[in-house]
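We number each residue from 1, following the sequence as shown.
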Amino acid sequence: MPGFGPPDARLLIIGLAPAAHGGNRTGRMFTGDRSGDVLYQALYDVGLASQPTSVHADDGLELHGVRVTAPVHCAPPANKPTPQERNTCRPWLVQELHLLRPTLRAALVLGAFGWQAALPALAEAGWTIPRPRPAFAHAAHTTLPAPDGPDLHLFGCFHVSQRNTFTGRLTPRMLREVLRSAADAAGLPTTGKTE
């Protein structure tokens with residue numbers, strides 16, 4: 001499944017993998033499942049999406065300066081991608097990063113698995129990963145230098161999974177706050193809810 005959003009995005013959201021009953025069925029990342037409901041509502045709340053829902057590929061949703069992708073591009077068995085699947089799909093993520101490189105200023109990674117997958121892909125695409133390697137945490141923020149262009153601001157966020165959102169580990173407010181921080185670092189205007 002391809003990424004979704006404009007090809008000149010300033011902010012990239014990196015998830016995990018398409019969901020079998022959401023993205024895999026609809027053909028768009030984070031579409032038609034509860035994780036997508038949470039993510040697109042928050043994007044809409046901060047002014048980065050044209051509508052709060054993503055139901056199917058032709059529903060009129062547009063993202064403003066944001067692209068959504070994942071390190072694994074096929075729905076994994078049991079909804080749990082393996083390191084082998086991550087490594088097999090890495091060239092797709094690296095190629096997408098190369099294509100976005102002229103405009104990309106920030107990336108928001110959802111979850112520790114995505115963080116572990118994103119760091120080597122970002123290095124292959126030309127950004128320098130600091131040593132020691134930045135650790136994943138919600139609202140983590142680090143800057144990745146680029147020897148031949150603008151630095152990239154990298155943010156971490158708990159994944160928008162039902163486990164995290166139903167238990168309150170990730171609240172809508174927490175998600176909006178980290179989205180707003182990433183958008184600000186990318187130079188994107190935000191609006192809407194602040195609470």
Side-chain angles (χ1 to χ4, degrees), residues 3-17 29-30 35 38-39 42-43 45-48 63-73 81 83 86-87 89-161 163-165 169-190 194:
F4 168 63
D8 61 350
R10 296 181 63 84
L11 171 61
L12 181 64
I13 297 174
I14 302 172
L16 185 66
M29 294 282 180
F30 285 105
S35 294
V38 172
L39 178 62
L43 285 166
D45 288 345
V46 299
L48 298 174
L63 300 181
H64 308 304
V66 178
R67 188 168 177 86
V68 179
T69 194
V72 176
H73 285 271
R86 174 196 66 206
N87 295 341
C89 288
R90 181 175 296 140
W92 294 103
L93 180 57
V94 171
Q95 180 62 22
E96 193 164 11
L97 289 166
H98 276 297
L99 293 171
L100 289 168
R101 187 132 187 235
T103 57
L104 193 62
R105 299 296 176 265
L108 174 63
V109 182
L110 303 174
F113 182 94
W115 186 269
Q116 292 168 357
L119 290 176
L122 288 161
E124 284 185 51
W127 285 280
T128 302
I129 307 302
R131 297 254 183 233
R133 214 170 133 136
F136 173 77
H138 180 76
H141 175 213
T142 191
T143 302
L144 307 182
D148 61 347
D151 295 343
L152 182 74
H153 294 273
L154 182 65
F155 293 84
C157 178
F158 291 140
H159 195 277
V160 290
S161 68
R163 183 181 339 165
N164 288 340
T165 58
R169 184 173 193 212
L170 178 67
T171 65
R173 180 179 182 171
M174 290 168 65
L175 180 56
R176 287 192 304 266
E177 286 173 354
V178 74
L179 273 171
R180 194 176 313 273
S181 295
D184 289 347
L188 294 172
T190 58
T194 56

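In this structure, the side chains of I129 and L144 come closer than 4.5 Å at one or more pairs of heavy atoms. Taking the side chain as every heavy atom from C-beta outward, L99 and P7 never approach each other to under 4.5 Å. Counting only heavy atoms from C-beta outward, the side chains of V109 and F136 never approach each other to under 4.5 Å. With contacts defined as side-chain heavy-atom distances shorter than 4.5 Å, the pair L119/L154 qualifies. Under the 4.5 Å side-chain criterion, counting only non-hydrogen atoms from C-beta, L11 is in contact with L48. Between I13 and L110 there is a side-chain heavy-atom pair separated by less than 4.5 Å.
Identified under the side chain to side chain donor-acceptor pair (under 3.5 Å) test for residues 115-144, with sequence neighbours left out: H141-H153.
To the nearest 0.5 Å, atoms CG (L179) and CZ (F155) are separated by 10.5 Å. The CD1 atom of I14 sits 11.0 Å away from the CE atom of M29 when rounded to the nearest 0.5 Å. To the nearest 0.5 Å, the span separating CG on D45 from CZ on R173 amounts to 13.0 Å.
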For this session: Test L97 against L93 for side-chain contact (heavy atoms from CB on, under 4.5 Å), laying out the working first.
Result: CA-CA 6 Å; L97 289 166; L93 180 57; 4.1 Å; yes
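D151 approaches P145 most closely through the heavy-atom pair OD1-CA, 3.2 Å. The heavy-atom pair separating P81 from V72 by the smallest distance is CB-CG2, 3.8 Å. Across all non-hydrogen atoms, the minimal contact from V66 to L63 is O-CB, 3.3 Å. Here the shortest heavy-atom pairing between L100 and P6 reads CD2-O, 4.2 Å. Contact between G126 and P147 at its shortest, heavy atoms only, is O-CD, 3.4 Å. Of all non-hydrogen atoms in P71 and C89, the two that sit nearest each other are O-CB, 3.0 Å.
Listed for the R101 side chain is a donor-acceptor partner under 3.5 Å among the backbone atoms of A125. In this structure a side-chain-to-backbone donor-acceptor pair under 3.5 Å is present from T103 to A9. Here the side chain of N164 pairs a donor or acceptor atom with the backbone of H159 at under 3.5 angstrom. Side-chain atoms of R10 do not come within 3.5 Å of backbone N or O of G65 as any donor-acceptor pair.
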